[in-house]
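Shown next, in structure tokens, is the structure this report addresses.
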2 protein chains.
Amino acid sequence: MPASVPLPPLAYPDRDEITVEAVLRALADPVRLAMVRQLANSETEISCSGFEVPVTKSTLTHHLATLRQAGVIVGRQEGTTRYNSLRRNDLDVLFPGLLDGVLAAPR
Amino acid sequence: MPASVPLPPLAYPDRDEITVEAVLRALADPVRLAMVRQLANSETEISCSGFEVPVTKSTLTHHLATLRQAGVIVGRQEGTTRYNSLRRNDLDVLFPGLLDGVLAAPR
DNA sequence: CGGATAGTTCGATGAACGTCGTAGTTCGAT
DNA sequence: ATCGAACTACGACGTTCATCGAACTATCCG
């Protein structure tokens with residue numbers, strides 16, 4: 001039996017691996033867009049169960065993975081909880097104005 | 001036989017009907033993103049057959065319809081040709097920075 | 001240890017999407 | 001009136017995607 005790993009490390013793309021297309025795809029879903037908005041409007045990080053979205057836990061995990069792989073969010077592990085936050089700086093450097101433009105959307 | 005209409009009027013959303021989600025969905029496709037980039041980098045408008053994308057004509061029409069319905073482009077009819085251009089001003093007003101951020105993307 | 005909590009993984013399913021070919025329409029030119 | 005060019009509309013096909021429930025792992029607390 002292999003030595004158990006303290007939870008899968010969870011790979012994040014480097015800044016220069018982030019593509020605008022993946023980011024756009026990630027943002028182009030109502031649930032994920034709501035999650036990004038909640039992250040942007042929150043003073044603190046948000047845990048998986050802290051998002052207010054009308055989907056089950058497994059679906060939520062899927063959306064988090066999509067955002068993570070696209071380079072939109074990062075997660076900080078703490079015990080069984082993973083605290084998520086926006087990669088604001090990386091996104092602003094790569095696509096200046098994109099995130100702010102999306103968040104400024106009236107609808 | 002019904003009186004022939006000078007080509008279907010082709011409905012475009014008003015500015016206040018444009019949603020950020022539809023715009024993001026429209027931009028989140030490699031072919032459509034290439035089309036938007038070509039429009040942004042072109043001095044002139046681009047006709048349907050003027051786009052350099054690796055798809056057939058019918059697929060191209062489909063992508064143009066998607067961009068049109070999302071409010072990303074407008075078309076000016078002239079004879080059998082429709083000249084397309086970006087709705088830069090509308091998008092900038094609604095989502096300031098979004099389009100520029102996308103176009104600034106290194107990849 | 002046992003139980004509770006936080007997330008993940010694994011099919012399965014149904015909807016949406018990109019793609020194409022063909023056929024059809026409008027318009028300009030011959 | 002006929003032809004070709006520019007584009008649209010329709011139907012089909014395969015893929016991707018969002019969603020769920022159930023089973024599983026990891027961590028923390030009595």
Side-chain angles (χ1 to χ4, degrees), chain A residues 1-12 19 21-36 44-70 72-85, chain B residues 1-12 19 21-36 44-70 72-85:
Chain A
M1 191 188 297
S4 74
V5 183
L7 269 184
L10 236 17
Y12 297 93
T19 68
E21 197 191 311
V23 171
L24 290 171
R25 287 191 90 77
L27 297 179
D29 177 90
V31 174
R32 290 193 292 264
L33 191 53
M35 293 166 68
V36 169
T44 68
E45 300 163 301
I46 299 181
S47 69
C48 181
S49 56
F51 288 102
E52 295 180 4
V53 288
V55 293
T56 64
K57 265 193 307 178
S58 59
T59 302
L60 191 56
T61 296
H62 163 69
H63 285 310
L64 283 170
T66 300
L67 290 170
R68 197 174 60 230
Q69 287 158 12
V72 178
I73 64 173
V74 280
R76 177 177 60 85
Q77 191 78 31
E78 192 167 302
T80 60
T81 304
R82 194 189 317 271
Y83 292 100
N84 303 283
S85 55
Chain B
M1 191 187 299
S4 74
V5 183
L7 268 185
L10 236 17
Y12 297 93
T19 68
E21 197 190 309
V23 171
L24 289 172
R25 288 190 87 79
L27 297 179
D29 177 89
V31 173
R32 290 193 293 263
L33 191 53
M35 292 166 69
V36 168
T44 68
E45 298 162 302
I46 300 181
S47 70
C48 181
S49 56
F51 289 99
E52 295 180 4
V53 286
V55 293
T56 64
K57 264 193 305 181
S58 59
T59 301
L60 191 56
T61 297
H62 163 70
H63 284 310
L64 283 170
T66 300
L67 289 170
R68 197 173 61 231
Q69 288 159 11
V72 178
I73 63 173
V74 279
R76 178 178 59 84
Q77 192 78 32
E78 192 167 301
T80 60
T81 304
R82 191 186 324 265
Y83 292 99
N84 304 283
S85 55

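Sequence lines set the chain letters: A, B, ... in the order given, protein chains first and strands last, and positions in each chain run from 1.
Listed candidates were C:dT8, C:dA6, D:dC7. Nearest to the side chain of A:Arg68 is C:dT8. Each of D:dA6, C:dG7, C:dC20 was ranked by its minimum atom distance to the side chain of B:Lys57; first place goes to D:dA6. Closest contact between the side chain of B:Ser58 and the listed nucleotides C:dT22, D:dA18, C:dT19 involves C:dT22.
Taking five base pairs at each end of the helix from C:dC1-D:dG30 to C:dT30-D:dA1 and finding the rotation axis that steps the C1' atoms of four pairs onto the next four gives two axes whose angle is 20°, to the nearest 10°.
Put simply, the residue from A:Leu10, A:Ile73, A:Thr59 that forms a side-chain contact (heavy atoms from CB on, under 4.5 Å) with A:Leu64 is A:Ile73.
Close to C:dT5, at under 4.0 Å from its OP1 or OP2, lies no side-chain N or O of A:Thr80. When the side-chain nitrogen and oxygen atoms of A:Ser49 are compared with OP1 and OP2 of C:dG7, one or more of them lie within a distance under 4.0 Å. One finds a side-chain N or O of B:Arg32 lying less than 4.0 angstrom from the OP1 or OP2 phosphate oxygen of C:dG18. For A:Arg82 and C:dT8, the shortest distance from a side-chain N or O to OP1 or OP2 is below 4.0 Å. The side chain of A:Thr61 contributes an N or O atom lying less than 4.0 Å from OP1 or OP2 of C:dT8.
Taking 4.5 Å as the limit, every side-chain heavy atom of B:Asn84 sits out of range of all side-chain heavy atoms of B:Glu45.
No donor-acceptor pair under 3.5 Å is formed between the side chain of A:Glu78 and the backbone N or O of A:Thr80. Here the side chain of B:Arg32 pairs no donor or acceptor atom with the backbone of B:His63 at under 3.5 angstrom.
The residue A:Ser47 sits close only to the backbone: its heavy atoms come under 4.0 Å of sugar-phosphate atoms, none of a base.
Nearer the 5' end of DNA chain D, as judged by each residue's closest nucleotide, is the contact made by A:Thr59, out of A:Glu78 and A:Thr59. Each of A:Cys48 and B:His63 was matched to the nucleotide of DNA chain C holding its nearest heavy atom; the match closer to the 5' end belongs to A:Cys48.
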